[in-house]
Amino acid sequence: MLDMDSFSLRRAVERLRDGLFDPVAVNRLTVEEDRIKDVFSKSLKALERGESDHLCICGAYGQGKSHTITYLNQLALSQGYATSVIQLDSREVPFHQFSIVYHSIMKRLCLPDEVKFTNAWKNWTGKNPLEHLEAMPHRFRMILAAMLCKNRRLSSEESSLKKYQNYRPREYGYCLEKALMGHNIPTTHLKSIFKYREVEGYKKQSLSCRGNDPYIQMVRSLGVILKEIGYKGLLLFFDEAESIAQRRLNHRVKSYHILDQFFQNNGFVFPIFAFTDDFFDKVNHENYDGETFPQNYAKAWVDLNILRLQDFSSHEWESLVDRLMQLYSQTYQIELPSHMKEKLQSLLKKIEVQETRFKLKALVNKLDIETQQAILEL
């Protein structure tokens, strides 16, 4: 029977074999960790002070941006930060429709103690949990307030009256969680829940959220809440952010505006974007002479905080091969043949143009073949 460490190691190798990144494998195989950690740690210190910056991880396709995001995500969680990794996609998670992005953020929200956010919120013992939510959109403020309230109990006489026919207390907790995640729960249904949970003030403002701004503001408020609950802040990792520039013009206008708000961001939310140079080429060649764009983003973004990934040197690839061999040997409790490293390096020369994760997949497959061959020859 495998212990937990052995299971984690085997799962890491199996995921590499499938061309996927695993937190254990990322921690064991990251090569540029000192340079990356140095840049990252400076931004984390600013985040803890409520002076959050932004970070753009820039590199060519296959240069390790997703690997770096996975590494930084695990590093942040281990240090007490809440995180969410969002895979941007021009069709499924388009940045210009931030309500969809918000849903993805909430769906992938991870807390360092592995507690659900809703449970952390309901179990928080703050004296006045709502005092920090004034800037939050009214809809979400009332949802969070309702989560702290109990359902009103109806008397037997009341429960038989027609006006209480929509009283369904067993559904309320589920509906509130869905609404907090960004699902389109009708306002009439929310009002009914707020009434039966006796939430104060829900009638004062509209419970509708129109456009992108309410969802952006909700994300900022989420960072404040997480800080108050006891976490160090919220990190948002936006992978494949170059997809923003692949949309039509009117979508890019909206997306650039949202991006600019994140780039000007400070508070307890730290946004990290993974871009290829194609994104910046598109930004630099937009037509800013007319009235389409509210500002010249090519000029506005000249001083972005960019972590540029470098191509691995031959020495770094040699180090990575050594680490992979150690991981594989430890996982399967075997001693690898002395000639294995030469065979892996020879394979690397043949596949040097492929993405990092595909190179790792090929290396693991090579290890499988060679070790199986060695066993058969015994």
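The figures that follow rest on heavy atoms only: side chains count, while hydrogens, waters and symmetry mates do not.
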Next on the checklist: Tell me whether D18 is salt-bridged to K361, with the criterion being a basic N under 4.0 Å from an acidic carboxylate O.
Outcome noted: no
Next on the checklist: I'd like to know whether F95 forms a ring-ring contact (aromatic ring centres under 6.0 Å, His included) with F238, so could you lay out the CA-CA distance, the side-chain angles of the two residues, the decisive distance to 0.1 Å, and finally the verdict.
Outcome noted: CA-CA 10 Å; F95 197 69; F238 295 98; 5.7 Å; yes
Next on the checklist: Counting only heavy atoms from other residues, nucleotides and ligands, does the tally under 6.0 Å from CG of D303 exceed 12?
Outcome noted: no
Next on the checklist: Evaluate F279 against S243 for side-chain contact (heavy atoms from CB on, under 4.5 Å), listing each step before the verdict.
Outcome noted: CA-CA 8 Å; F279 170 80; S243 63; over 6 Å; no
Next on the checklist: Using 0.5 Å steps for rounding, measure from the CG atom of L234 to the CZ atom of F117.
Outcome noted: 9.5 Å
Item to check | Non-neighbouring partners of F280 that pass ring pair (Phe, Tyr, Trp, His ring centres under 6.0 Å), sequence neighbours left out | outcome: F275
Checklist entry - Would E14 and R10 pass as an ion pair if we require N to O under 4.0 Å? => result no
Checklist entry - Judged by modelled atom types alone, do D53 and S43 share a side-chain donor-acceptor pair under 3.5 Å? => result no
Item to check | Salt-bridge criterion met for K150 and E198 (N-O under 4.0 Å) | outcome: no
Item to check | Heavy-atom closest contact (E200 atom, M142 atom, distance) | outcome: O-SD, 3.8 Å
Next on the checklist: If the condition is ring pair (Phe, Tyr, Trp, His ring centres under 6.0 Å), which residues does F358 pass it with, not counting sequence neighbours?
Outcome noted: none
Checklist entry - Are Y174 and Y196 connected, step by step, through hydrophobic side chains (Ile, Leu, Val, Met, Phe, Trp, Tyr) whose heavy atoms are closer than 4.5 Å? => result no
Checklist entry - What's the spacing between Q74 CD and T83 OG1 if we round to 0.5 Å? => result 7.5 Å
Item to check | Derivation of the side-chain contact (heavy atoms from CB on, under 4.5 Å) call for L307 and L55 | outcome: CA-CA 7 Å; L307 171 64; L55 180 63; 3.9 Å; yes
Next on the checklist: If we ignore hydrogens and angles and just use 3.5 Å, is the side chain of S329 paired with the main-chain N or O of I334 as donor and acceptor?
Outcome noted: yes
Checklist entry - Between H103 (side chain) and M181 (backbone), is there a donor-acceptor pair under 3.5 Å? => result yes
Checklist entry - Are any side-chain N or O atoms of N73 and backbone N or O atoms of I69, one a donor and one an acceptor, separated by less than 3.5 Å? => result no
Show me the side-chain donor-acceptor pairs of residues 204-217 shorter than 3.5 Å, one per line, residues at least two apart or across chains.
{"from": "S206", "atom 1": "OG", "to": "S208", "atom 2": "N", "distance (Å)": "3.1"}
{"from": "N212", "atom 1": "OD1", "to": "F98", "atom 2": "N", "distance (Å)": "2.8"}
{"from": "N212", "atom 1": "ND2", "to": "H96", "atom 2": "O", "distance (Å)": "3.0"}

Checklist entry - Step by step, would you call F268 with L226 a side-chain contact (heavy atoms from CB on, under 4.5 Å)? => result CA-CA 8 Å; F268 295 105; L226 288 164; over 6 Å; no
Checklist outcome for this item: Smallest heavy-atom separation, I185 atom then C175 atom, equals CG1-O, 4.0 Å
Next on the checklist: Under the criterion salt bridge (Lys or Arg N to Asp or Glu O under 4.0 Å), I'd like the reasoning laid out for E318 against K341: C-alpha separation, chi angles, the key distance, then a yes or no.
Outcome noted: CA-CA 9 Å; E318 183 178 354; K341 184 173 180 178; 3.1 Å; yes
Checklist outcome for this item: Looking only at heavy atoms, the pair that brings L180 and Y102 closest together is O-OH, 2.6 Å
Next on the checklist: Hydrophobic clusters here meaning ILVMFWY residues chained together by side-chain heavy-atom distances under 4.5 Å, can you tell me if I86 and L77 are in one?
Outcome noted: no
Item to check | Side-chain heavy atoms of I225 within contact of M136, under 4.5 Å | outcome: yes
Checklist entry - Any donor and acceptor pair, going by atom type alone, linking the side chain of S52 with main-chain N or O of L47 inside 3.5 Å? => result no
Next on the checklist: Working note: N250 + T292, criterion side-chain contact (heavy atoms from CB on, under 4.5 Å); need CA distance, chi angles, decisive distance, verdict.
Outcome noted: CA-CA 8 Å; N250 62 324; T292 304; over 6 Å; no
Checklist entry - Under the 3.5 angstrom rule, does the side chain of K65 hit a backbone N or O of G59 as a donor-acceptor pair? => result yes
Next on the checklist: Can you confirm whether E177 sits close enough to M147 that some side-chain heavy atom of one is under 4.5 Å from a side-chain heavy atom of the other?
Outcome noted: yes
Checklist entry - Atom CG of L309 and atom OG1 of T276: how far apart are they, to the nearest 0.5 Å? => result 12.0 Å
Checklist outcome for this item: In short, S84 meets I105 closest at the heavy-atom pair OG-O, 2.8 Å
Checklist outcome for this item: What one should report as the nearest heavy-atom pair of A362 and L347 is O-CD2, 3.5 Å
Next on the checklist: With heavy-atom distances below 4.5 Å as the criterion, would you say the side chains of H251 and Q97 are in contact?
Outcome noted: no
Item to check | Separation of L72 CG from L235 CG (nearest 0.5 Å) | outcome: 8.5 Å
Item to check | Sequence neighbours excluded, every pair satisfying salt bridge (charged side-chain N to carboxylate O under 4.0 Å, His left out) that has a member inside residues 276-298 | outcome: R252-E286, D277-R308
Item to check | Exercise: identify the closest heavy-atom pair between R220 and Q261 | outcome: NH2-O, 3.5 Å
Checklist entry - What do you reckon, is NZ of K232 surrounded by more than 12 foreign heavy atoms closer than 6.0 Å? => result yes
Checklist outcome for this item: For Y81, the ring pair (Phe, Tyr, Trp, His ring centres under 6.0 Å) test, sequence neighbours excluded, returns none
Checklist entry - Rounded to the nearest 0.5 Å, how far apart are NE2 of H183 and CE of M106? => result 10.5 Å
Item to check | Backbone of Q330 reached by a side-chain donor or acceptor of Q333 within 3.5 Å | outcome: yes
Checklist entry - Is the number of heavy atoms from other residues, nucleotides or ligands under 6.0 Å of H285 NE2 greater than 12? => result no
Checklist entry - Taking the side chain as C-beta and beyond, is there a heavy-atom pair between L327 and Y332 under 4.5 Å? => result no
Checklist entry - Is F237 close to T70 at the side-chain level, that is, under 4.5 Å between some pair of heavy atoms? => result no
Checklist entry - Side chains of D368 and N365: does their closest heavy-atom pair fall under 4.5 Å? => result yes
Item to check | Gap separating the CG atom of L367 from the CG atom of L344, nearest 0.5 angstrom | outcome: 5.0 Å
Item to check | Backbone of E342 reached by a side-chain donor or acceptor of S346 within 3.5 Å | outcome: no
Item to check | With sequence neighbours excluded, residues passing ring pair (Phe, Tyr, Trp, His ring centres under 6.0 Å) with H54 | outcome: F263
Checklist entry - F40 and Y71: aromatic ring centres closer than 6.0 Å? => result no
Checklist entry - Is there a side-chain contact between P112 and Y231 (heavy atoms, below 4.5 Å)? => result yes
Checklist entry - Any chance the side chains of N284 and Y297 put a donor and an acceptor closer than 3.5 Å? => result no
Checklist entry - Is a side-chain donor or acceptor of D260 paired with a backbone partner of Y256 at a separation under 3.5 angstrom? => result no
Checklist entry - Just wondering, do K359 and L348 contact through their side chains at under 4.5 Å, heavy atoms? => result yes
